[in-house]
Amino acid sequence: MPRGRGGIRLGGMSAWFNPARELDALLRQAAASVPALGAGFNPELKPSDPRHADFQANGVLGAAKQAKANPRALATQLLEALRAGGGLDERLVQVEVAGPGFINFKLTPAALGAWLREYRDESRWRAGAARLMGGRKVVIDYPSPNTAKQMHVGHLRPIVIGEAVARLIEFCGADLVRDNHIGDWGTNFGVLILAIRRAGFQLDAKSPTALEDLERLYKEGSAATKADPALMDAARAELAKLQSGDLANSALWKQIVEVSNAACQRSYDQFGLKTDVILGESFYRDKVDQVYAELAKHGLAEESEGALVVWHDEEPRFSRDAETKMPFIVRKKDGSSNYASTDLATLLYRAEHLKADEIVYVTDGRQQDHFHQLFLTGAKWFKASGRQLPRLRHVWFGTILGEDGKAIKTKSGDPVRLQELIDEAAAKAFEAVSAKSPDLPEAERRAIARAVGVGALRYADLSSNRTMDYTFSWSKLLAFEGNTAPYLMYAGVRVRSIFRKAGLSVGQGEEGADDPVTPAEIALARKLVAFTAALDQSLEELRPHHLCTYLHELASAYGAFYAADSVIVDDPAVKARRLMLCARTSAVLECGLRLLGIEPLERM
RNA sequence: GUUCCCGUAGUUCAACGGAUAGAACAUUGGUUUCCUAAACCGAGGAUGUGGGUUCGAUUCCCGCCGGGGACACCA
């Protein structure tokens, strides 16, 4: 993400969409004329603790050390150069040298007011954010489940995180393709087919218990093949038959996939998840031969113990000299394809047919080594064959642990089913909404409960850093107070209620609104302008929790404003400017919630 | 054994090398003739451990302790 490339000014309008970017650019310009700093100076501009300022530049401290200069004196020089440059209007931004040599920037009420009047709605923000990823074609790979398993709580994260990351990327201007790369061509099928044969089970895809039956059989098969290596070989043989076109296995495979996809779709519907394409591993069945041929041709892959593998000697743990060998196995010794084969074929397809500039893989953290090897192999392969490698990113998340502190797995006991979790959340929310708003019709209370319950689940998962593991807990996932989705949704509902009471629709009644005045108005306005910084930060490493933190702070600032300053008052000027703050809060909050995949409400 | 991730108030989590380590829950004291109290205002309480780098370390490096993951044909 390039910084300091000048700012965007939409159609000659005056306010900066993203003040941090503008200030960064101005500081770099100014530094060029300060001898001790020069053109390569990085101002290290960051959002500041609001007690001090809106933004602070820390870069002078390090530079002063390098130049053996007094940091405060150097900061003062830079500040003078900045003023001389003429790009800074001090009626909008107050600047001062502070502490050991920070440069602090504080937006004045005039700047806050200008921003609020100008960046009114989502279309303006999208236009502003489009500089982040505009014109880029991005493929995102999620939730990519394995087939023939019931959805349990472990499936929550790829759905929820994947959707939030996808929406964020799309919001920032990318042309996005959501590709559900389902795992439908692996050894798990061999295991399952073997188990079905051994049990003499007749699969009926239309049976309501079909998925449960499959899951039970898979568990049996999994236990059996684990206990007996001969059975594992038999399972692999079933897969090899499938992959080479055996009619009976292919027919069975088709039925299993059908049952599995229908069940997954029912879960996706409840999360509002829509994928653009479903190109599972089986889609690449006839595209892996090209991968083997090209890797061999360029000398990247070699035979080892009968398998075709790629070593990466520059990475000690993937090198052929490693103590425990961890090659990237691209073809098994029985000739079957595996995860690596199909992922390489998928990479090529996305680059050549989908024209991806960037590919984002959303999976759990246990696959880090796999993706590291995939990316290394992809880079060498594309370079050797003269292709342009898309930017590859592994957006991984931590594991949901069971009560025993171990990862929740289908095989170890019975983890909570996803449907059970959703139903429980909705039931609890229904109880709450019925207690607090008994006058609403039952149908509406049901709909609200659904939105609140699912929203709470999603937010609980998104609000902490995705790389953290967490232990499954009903109370954590079903919390409705504090830093939760219902808190944010409630703040939004209170804004909408004001407009209803005033007989206006959101956005009306703010004509001629002036700059914020009271402390609560100013604090809220500063928070609203900080939306751009929150977007930047979330997008940078694709971590939605930054957006969650921001939205919670915004809702909290609104809560304080709501308690301190009445909106519907007699003074038309006061009313107009507070209505403007309400409208902006509503819009930012709802836009932010939607980015997280949470549907805002009119009332609750 | 090799390697990756993690360790912050009683609990669940923030902090992109910077100022007095922020929140939420729980505990505790207050706020409602007034726009939804699912709210607001206040109080107490924390960086596993030992070194190092740095003007400055929760953050970077090394050791130790503790938890989890991966490691030859699962995905």
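Chain letters run A, B, ... following the sequence lines, proteins first, then strands; residues in each count from 1.
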Phosphate oxygens OP1/OP2 of A38(B): is one of them under 4.0 Å from a side-chain N or O of Lys436(A)? yes

Would you indicate which nucleotide in A75(B), C35(B), G18(B) comes nearest to any side-chain atom of Asn58(A)? G18(B)

Per the atom types in the model, does the base of A15(B) pair as donor or acceptor with the side chain of Asp49(A) at under 3.5 Å? no

Taking the six-membered ring for Trp, are Phe375(A) and Tyr361(A) ring centroids under 6.0 Å apart? yes

For a quick check of understanding: with a heavy-atom distance under 4.0 Å over all strands, which category does Ser464(A) fall into, base, sugar-phosphate or nothing? sugar-phosphate

Scan Trp311(A) against the nucleic acid and name what it touches under 4.0 Å (heavy atoms): base, sugar-phosphate only, or nothing. base

Ion pair check, Glu444(A) and Arg603(A), cut-off under 4.0 Å: yes

Partner lookup for U31(B), please. Criteria are Watson-Crick or G-U wobble with both distances under 3.5 angstrom; report none if nothing qualifies. A39(B)

Among A72(B), A38(B), A75(B), which nucleotide has an atom closest to any side-chain atom of Ile329(A)? A72(B)

Would you mind classifying the nucleic acid contact of Val433(A) as base, sugar-phosphate or nothing, using non-hydrogen atoms under 4.0 angstrom? base

C1'-based separation of U54(B) from U27(B) [nearest Å]: 40 Å

Mate of C13(B) where both pairing distances stay under 3.5 Å, Watson-Crick or G-U: G22(B)

Phosphate OP1/OP2 of A37(B): any Arg494(A) side-chain N/O under 4.0 Å: yes

From CD of Glu315(A) over to P of A70(B), roughly how many Å is that when rounded to an integer? 20 Å

Within the 4.0 Å heavy-atom criterion, would you say Phe499(A) contacts the bases, only the backbone, or no part of the nucleic acid? nothing

What contact category does Met489(A) fall into here, base, sugar-phosphate, or nothing, at under 4.0 angstrom with non-hydrogen atoms? nothing

Round to the nearest Å and state the distance from Met604(A) atom CE to A39(B) atom C1'. 11 Å

Regarding Ala98(A), tell me which of base, sugar-phosphate or nothing describes its non-hydrogen contacts under 4.0 Å with the strands shown. base

Please give me every residue in residues 545-557 of chain A whose heavy atoms get under 4.0 Å of an atom in RNA chain B, ordered by residue number. His545(A), His546(A), His552(A)

With heavy atoms under 4.0 Å as the rule, sort Gly183(A) into base, sugar-phosphate or nothing. sugar-phosphate

With a 4.0 Å cut-off on heavy atoms, is Asp439(A) in touch with a base, just the backbone sugar-phosphate, or nothing at all? nothing

Round to a whole Å and report the spacing from NE2 of His394(A) to P of C5(B). 13 Å

Would you say Tyr487(A) reaches C40(B)'s phosphate, i.e. side-chain N/O to OP1/OP2 under 4.0 Å? yes

Ion pair present between Glu303(A) and Arg331(A), side-chain N to carboxylate O less than 4.0 angstrom? yes

With sugar-phosphate meaning primed atoms plus P, OP1 and OP2, does Pro100(A) contact a base, only sugar-phosphate, or nothing at under 4.0 Å between heavy atoms? nothing

Candidates A75(B), C35(B), U3(B) - which lies nearest the side chain of Gln367(A): A75(B)

side-chain N/O Lys332(A) vs A72(B) OP1/OP2, d < 4.0 Å: no

Would you say the side-chain atoms of Gln537(A) and Tyr550(A) include a donor-acceptor pair closer than 3.5 Å? no

Is Arg236(A) near enough to C74(B) that one of its side-chain N or O atoms lies under 4.0 angstrom from OP1 or OP2? yes

Are the aromatic ring centres of Tyr487(A) and Tyr490(A) under 6.0 angstrom apart? no

Would you indicate what Asp184(A) reaches in the nucleic acid, counting non-hydrogen atoms under 4.0 angstrom: base, sugar-phosphate, or nothing? nothing

Which of the following nucleotides, C40(B), C35(B), A75(B), is nearest to the side chain of Tyr339(A)? A75(B)

Select base, sugar-phosphate, or nothing to describe what Ala560(A) touches, counting heavy atoms under 4.0 Å on all strands. sugar-phosphate

At 4.0 Å (heavy atoms only), tell me whether Lys476(A) reaches a base, stays on the sugar-phosphate, or touches nothing. sugar-phosphate

Nucleotide nearest Glu323(A) when distance is taken to its side chain, options A72(B), A19(B), G1(B): G1(B)

A38(B), C6(B), A75(B): which one has an atom nearest the side-chain heavy atoms of Asn146(A)? A75(B)

Determine, for Arg578(A) against Asp565(A), whether the closest basic-nitrogen to carboxylate-oxygen distance falls under 4.0 angstrom. yes

Separation of C73(B) C1' from Tyr292(A) OH (nearest whole Å): 11 Å

Tell me which nucleotide among G18(B), U3(B), A38(B) gets nearest to the side chain of Gln56(A). G18(B)

Using a cut-off of less than 4.0 Å, is there contact between a side-chain N or O of Thr187(A) and OP1 or OP2 of A75(B)? yes

Check every strand shown and say whether Glu281(A) touches a base, only sugar-phosphate, or nothing at a heavy-atom separation below 4.0 Å. sugar-phosphate

Salt bridge or not between Arg366(A) and Asp364(A)? Use side-chain N to carboxylate O under 4.0 Å. yes

When rounded to whole Å, the CD to C1' distance for the pair Gln368(A) and G68(B) reads 12 Å

Against the side chain of Thr324(A), the closest entry in G1(B), C35(B), G18(B) is G1(B)

Quick test of your reading of the model: are Glu431(A) and Lys428(A) salt-bridged, counting only N-O distances below 4.0 Å? no

Mind checking Glu305(A) for me? I need base, sugar-phosphate or nothing, with any heavy atom below 4.0 Å counting as a touch. base

NZ/NE/NH1/NH2 to OD/OE distance under 4.0 Å, Lys325(A) and Glu305(A): no

Is Arg21(A) paired with Asp24(A) through a side-chain N to carboxylate O contact shorter than 4.0 Å? no

